[in-house]
Amino acid sequence: MDAMDNSYLWIVIIGFIIAFILALGLGANDVANSFGTSVGSKVLTLRDACIVAAICETSGAVLAGGKVTDTIRSKIVDTNCFQNDTENEVLLGSLSALSGGALWLIIATAAKLPVSSTHSVVGAMMGFGLVAYGGKAIKWKEFGKIVASWVISPLMAGVISSCFYLALQYFVLKKPDSYSAGLTALPIIYFIVISVNLFAIFYNGSEMLRFNTIPLYGCFILSFGTGLLVALVTYFVFVPHLTKKIDKEFELETLDSELIDEKNPQKDKAVKEETKLLDNANDGDSKTKKYSEGIINETTPDADEEKSPSQPKQHEVLTDEPKTARLLAFVQILTASFASFAHGSNDVSNAVGPLVSLWLTYRDGVVNSNSNTPIWILFYGGVGISVGLWIWGRRVIETIGEELSSITPSSGLIIEFGSVCTVLVASNLGIPISTTHCLVGAVILVGLVRSRHVTEWKVFFNILIAWLVTVPVSGLLSAGIFALLRYAL
């Protein structure tokens with residue numbers, strides 16, 4: 001196999017530039033999938049989130065990103081339709097797919113919409129294929145599987161997250177002393193998180209690291225053995241250290257508060273006066289909110305309730321006790337890191353899938369190259385994602401972490417855990433699912449478990465509309481660019 005002549009080198013160069021821009025947009029938009037809940041619950045600053053995510057995203061792309069990338073580049077458009085001497089059309093088509101996907105992601109990010117980069121790239125690949133050879137160029141069966149995964153994955157992530165959140169509520173959050181219960185449960189939580197994620201990484205994993213050769217029993221030993229070791233270290237070392245650290249922090253906060261009270265003797269009087277004014281203002285409201293001991297009681301009086309004030313309609317939302325929240329913050333950082341790794345393993349394909357097709361076609365001189373995805377291209381995509389995260393990541397983090405639903409450390413870590421389980425399973429199967437779908441599905445269902453009042457449904461429906469239009473819009477953009485390039489050249 002010989003490389004194509006240098007007259008097509010400009011397409012390759014532009015392709016690499018646009019792929020990097022696409023990775024920038026992907027990182028800026030999809031950073032919310034991994035760390036939006038962590039930043040929204042104030043566990044991590046945006047700067048800290050970007051540092052951790054840059055490392056995890058790149059590692060996930062390199063170590064576990066090959067399978068999904070192969071799906072994007074070879075299982076959406078049927079390259080058998082492209083006969084000999086049509087390699088230039090494959091190059092132009094890959095360039096068009098990169099351009100269409102990148103353009104839509106940038107538009108969506110500017111509008112603060114957490115759209116699916118998977119939808120963008122899949123739609124863009126289909127766009128150029130339909131223009132080139134019509135419906136026969138699309139592998140509709142494979143496309144159907146991908147679409148099915150887009151529906152199943154948010155439900156799966158939501159169900160997993162909800163089940164674990166209910167368990168966390170029962171064993172920790174609703175206990176009279178949730179902080180002590182959390183300390184007891186911490187080694188178990190670490191064991192579950194570490195074991196499940198490592199199993200997903202080892203089982204049928206990276207060919208580069210030969211994880212795919214590890215037998216099933218070996219995966220169990222490696223993952224659950226490591227999880228047990230981490231749990232023991234957590235119990236004997238981390239828990240005692242964390243107990244002293246958190247107790248000291250809250251002792252200092254209590255001392256500071258007492259000092260402030262001594263310096264402001266009028267404070268209690270002012271608080272009482274303000275409370276009285278608020279009570280008077282709420283007397284005529286149709287909706288009254290009372291906040292007490294972490295429970296939000298919402299009373300919505302109607303005609304019947306006015307007659308029976310002793311039976312108000314209430315919706316309870318359990319919030320994290322301050323010391324418990326601080327304790328669970330450390331677990332959330334762990335789950336966010338794994339979520340970032342999983343995102344890199346699945347979504348790097350969206351940035352470099354068409355680029356791999358372009359590069360291998362140019363390098364080998366044939367359309368149907370059997371070469372594996374080069375590791376250096378996966379690394380290139382991971383770096384692009386990380387740079388985009390740093391440059392423009394704040395916008396969608398605000399939408400996911402603050403506007404869609406109120407997030408606490410407990411709900412945040414569970415949302416991330418459920419999402420990462422779903423994404424890692426899909427990555428091992430080579431299915432390009434939407435990590436955005438997984439996260440939003442988990443946020444919505446966990447929000448419903450907590451209370452339907454913590455979810456901003458208007459924001460959710462705006463996101464849903466963005467999802468629905470992504471495939472056709474990115475497809476049209478890619479198709480238009482391909483038609484223009486083919487006509488001009």
Side-chain angles (χ1 to χ4, degrees), residues 8 10-26 29 69 71-83 85-111 113 115-147 150 347 349-362 367-368 432 434 436 465-489:
Y8 296 104
W10 68 272
I11 300 178
V12 177
I13 295 173
I14 294 177
F16 270 88
I17 294 172
I18 295 178
F20 195 79
I21 295 173
L22 177 56
L24 292 178
L26 194 157
N29 196 288
T69 301
T71 297
I72 290 290
R73 73 180 176 95
S74 62
K75 293 185 179 180
I76 296 174
V77 175
D78 188 357
T79 53
N80 291 322
C81 293
F82 295 84
Q83 304 300 322
D85 300 325
T86 60
E87 290 82 4
N88 61 320
E89 289 202 343
V90 176
L91 296 182
L92 293 176
S94 299
L95 180 62
S96 301
L98 288 168
S99 302
L103 184 58
W104 172 240
L105 270 182
I106 291 171
I107 293 171
T109 302
L113 293 174
V115 299
S116 168
S117 58
T118 308
H119 284 196
S120 301
V121 174
V122 169
M125 290 290 289
M126 293 181 67
F128 100 80
L130 288 171
V131 171
Y133 286 98
K136 65 179 182 180
I138 308 301
K139 294 184 177 180
W140 294 106
K141 185 176 180 180
E142 292 295 329
F143 176 68
K145 292 178 181 178
I146 295 172
V147 171
W150 292 343
D347 280 25
S349 61
N350 302 330
V352 302
L355 179 64
V356 172
S357 176
L358 189 157
W359 168 252
L360 292 180
T361 300
Y362 175 78
V367 173
N368 294 308
S434 168
T436 307
I465 292 171
W467 287 354
L468 294 175
V469 303
T470 292
V471 170
V473 170
S474 61
L476 287 171
L477 290 172
S478 173
I481 294 169
F482 178 70
L484 288 173
L485 289 174
R486 189 165 65 169
Y487 175 79
L489 301 175

Gap between atom [atom2] of [Y] and atom [atom1] of [X] - 0.5 Å precision:
X: Leu24; Y: Ile18; atom1: CG; atom2: CD1; result: 12.0 Å
X: Leu98; Y: Phe128; atom1: CG; atom2: CZ; result: 10.0 Å
X: Arg486; Y: Leu92; atom1: CZ; atom2: CG; result: 9.0 Å
X: Ile481; Y: Leu476; atom1: CD1; atom2: CG; result: 11.0 Å
X: Leu485; Y: Glu89; atom1: CG; atom2: CD; result: 11.5 Å
X: Ile21; Y: Leu103; atom1: CD1; atom2: CG; result: 10.5 Å

Ser357 backbone acceptor or donor facing Thr361 side chain under 3.5 Å =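 Yes; at least one donor-acceptor contact below 3.5 Å.
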Are Val122 and Val471 side-chain neighbours, meaning at least one heavy-atom pair lies under 4.5 Å?
->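 Of all side-chain heavy-atom pairs linking Val471 with Val122, none is under 4.5 Å.
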Answer whether the closest heavy-atom distance between the side chains of Ile107 and Val473 falls below 4.5 Å.
-> no
Closest non-hydrogen atom pair, [X] against [Y]:
X: Ala483; Y: Val131; answer: CB-CG1, 4.4 Å
X: Pro354; Y: Ile72; answer: CD-CG2, 3.9 Å
X: Ala124; Y: Ala97; answer: CB-O, 3.3 Å
X: Gly15; Y: Leu358; answer: CA-CD1, 4.2 Å

Working for side chain to side chain contact (heavy atoms under 4.5 Å, CB included), residues Lys136 and Asp78 = CA-CA 8 Å; Lys136 65 179 182 180; Asp78 188 357; over 6 Å; no
Worked verdict on Leu355 versus Leu22 for side chain to side chain contact (heavy atoms under 4.5 Å, CB included) | CA-CA 11 Å; Leu355 179 64; Leu22 177 56; over 6 Å; no
Pair Tyr8-Val12, side chain to side chain contact (heavy atoms under 4.5 Å, CB included): steps then yes or no = CA-CA 7 Å; Tyr8 296 104; Val12 177; 5.8 Å; no
Derivation of the side chain to side chain contact (heavy atoms under 4.5 Å, CB included) call for Val469 and Trp104 = CA-CA 10 Å; Val469 303; Trp104 172 240; 4.0 Å; yes
Please work out which of the three classes, parallel, tilted or perpendicular, describes the rings of Phe143 and Trp140, given edges at 30° and 60°.
-> perpendicular
